[in-house]
Amino acid sequence: MRIAVYPGSFDPITNGHLDIIRRASRLYDKLIIGVLNNTSKSPLFTAEERKAMIDEAIVGISNVSCDVFSGLLVDFAKQNGASVIVKGLRTVADFEYEFQMALLNKALNPEYETMFMMTNTKYSYISSSMIKEVAKYNGELDGLVPHNVILKIKDKLQREF
Ligand code: PNS
């Protein structure tokens with residue numbers, strides 16, 4: 001069985017992430033989304049809130065699941081029996097950072113391959129940080145993030161200010 005992990009901060013999940021998830025789910029028997037419970041960044045949503053938004057967004061994609069992880073990605077992959085790490089690439093700016101992470105993960109555990117998927121051009125300009133900025137100033141989020149996320153982000157920002 002071919003199991004892949006798709007890791008990230010997902011603060012929050014965007015339509016760009018969801019597109020990679022849908023496409024990767026067709027290539028592997030099982031795709032496990034790993035939400036990093038990152039203590040050094042200060043995310044807008046807690047890891048559990050980020051996971052809950054992902055769980056709602058992936059309803060209907062039967063071979064995809066989502067879990068929160070902390071620690072090393074290669075350890076999360078091992079715990080889940082995965083052999084592949086899936087990453088999405090938008091622009092050349094992503095490449096340098098992703099290349100470094102792929103090499104580091106390979107050095108940490110040579111068993112894992114990182115597979116890069118090019119973003120759909122429709123979503124190449126979307127990032128979670130820009131989504132938060134648009135939301136903060138009441139910009140239109142339709143088409144950029146899943147519908148359930150629009151409600152959650154509005155709710156969260158209203159509580160913040
Ligand atoms: O969505 P992001 O923030 O670009 O995702 C980054 C992520 C979660 C893939 C990366 O930070 C990660 O894998 N963190 C886990 C810790 C780890 O394994 N670090 C060493 C390899 S980078």
Side-chain angles (χ1 to χ4, degrees), residues 2-25 27-28 30-58 61 64-136 141 144-146 148-150 152-153 156-157:
R2 280 253 166 240
I3 304 174
V5 292
Y6 177 48
S9 301
F10 303 107
D11 186 39
I13 185 170
T14 68
N15 281 347
H17 293 131
L18 203 52
D19 178 62
I20 298 285
I21 292 166
R22 285 210 177 91
R23 288 158 57 202
S25 73
L27 302 176
Y28 301 100
K30 209 166 144 192
L31 181 74
I32 300 155
I33 304 165
V35 178
L36 181 67
N37 193 356
N38 195 337
T39 44
S40 59
K41 280 187 185 174
S42 39
L44 178 62
F45 293 98
T46 67
E48 287 307 327
E49 286 170 333
R50 286 178 269 148
K51 173 182 157 40
M53 287 185 281
I54 293 172
D55 283 337
E56 282 176 19
I58 60 174
I61 319 176
V64 179
S65 61
C66 177
D67 264 321
V68 171
F69 80 103
S70 44
L72 290 178
L73 173 59
V74 287
D75 293 336
F76 176 70
K78 190 171 193 164
Q79 283 153 19
N80 285 283
S83 54
V84 171
I85 296 164
V86 171
K87 289 294 192 82
L89 277 183
R90 286 165 304 194
T91 59
V92 75
D94 281 343
F95 178 77
E96 214 165 326
Y97 176 58
E98 292 296 343
F99 185 54
Q100 191 184 6
M101 281 201 283
L103 293 182
L104 179 58
N105 285 327
K106 194 80 181 159
L108 290 172
N109 193 331
E111 282 173 32
Y112 300 106
E113 294 299 341
T114 302
M115 301 297 282
F116 289 105
M117 295 187 74
M118 298 306 145
T119 183
N120 185 322
T121 47
K122 259 191 340 200
Y123 304 122
S124 62
Y125 60 93
I126 305 177
S127 68
S128 296
S129 43
M130 287 193 185
I131 292 297
K132 283 178 274 192
E133 182 139 324
V134 172
K136 192 168 153 187
L141 290 177
L144 304 181
V145 294
N148 63 305
V149 173
I150 299 182
K152 295 274 163 45
I153 200 165
K156 176 69 94 177
L157 290 170

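All of these numbers come straight from a predicted model, not from anything done at the bench. We count ligands from 1, going down the list as the structure has it; atoms in each ligand are counted the same way. Counting from 1, the numbers follow the sequence of the chain as shown. Computed over heavy atoms, backbone and side chain alike; hydrogens, waters and symmetry mates excluded.
Under a 4.0 Å heavy-atom criterion, Lys87 is in contact with ligand 1. Within the structure, the closest approach of Gly71 to ligand 1 falls below 4.0 Å when heavy atoms are considered.
Note that CE of Met53 and CD1 of Ile13 are 9.0 Å apart. Values are rounded to the nearest 0.5 Å. Annotation: the span from Ile33 atom CD1 to Ser25 atom OG amounts to 9.5 Å, rounded to 0.5 Å. Residue Leu44 holds its CG atom at 13.0 Å from NZ of Lys152, rounded to the nearest 0.5 Å.
Remark: minimum distance from atom 3 (O) of ligand 1 to any protein heavy atom is reached at Ser9 OG, 2.5 Å. For atom 10 (C) of ligand 1, the nearest non-hydrogen atom of the protein is Met101 SD, 3.8 Å. Considering only non-hydrogen protein atoms, atom 20 (C) of ligand 1 sits nearest to Leu104 CD2, 3.9 Å. If you check which protein heavy atom lies closest to atom 5 (O) of ligand 1, you get Gly8 CA, 3.5 Å. Distance from atom 18 (O) of ligand 1 to its nearest protein heavy atom, with residue and atom name: Leu73 N, 2.8 Å. Considering only non-hydrogen protein atoms, atom 21 (C) of ligand 1 sits nearest to Asn105 OD1, 3.3 Å. Looking at atom 19 (N) of ligand 1, its nearest protein heavy atom turns out to be Leu72 CD2, 3.9 Å.
For Lys78, there are no side-chain hydrogen bond (donor to acceptor under 3.5 Å, both in side chains) partners two or more places apart in sequence or in a different chain.
Crowding of Glu56 atom CD: a count of heavy atoms from other residues, nucleotides or ligands under 6.0 Å exceeding 12.
Although no hydrogens or angles enter the test, the distance criterion places no donor-acceptor pair under 3.5 Å between the side chain of Arg2 and the main chain of Leu27. With Lys132 contributing its side chain and Asp11 its backbone, the two residues share a donor-acceptor pair below 3.5 Å.
Short contacts between ligand 1 and Leu36, defined as distances under 4.0 Å to a heavy atom of the residue, involve ligand atoms 8 (C), 11 (O), 14 (N), 15 (C).
Checking atom 12 (C) of ligand 1 against the protein gives no heavy-atom contact under 4.0 Å.
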**OP:** Could you walk me through whether Ile58 and Leu18 pass side chain to side chain contact (heavy atoms under 4.5 Å, CB included), step by step?
**Re:** CA-CA 8 Å; Ile58 60 174; Leu18 203 52; 4.3 Å; yes
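Geometrically, ligand 1 and Tyr97 share no nitrogen or oxygen pair separated by less than 3.5 Å.
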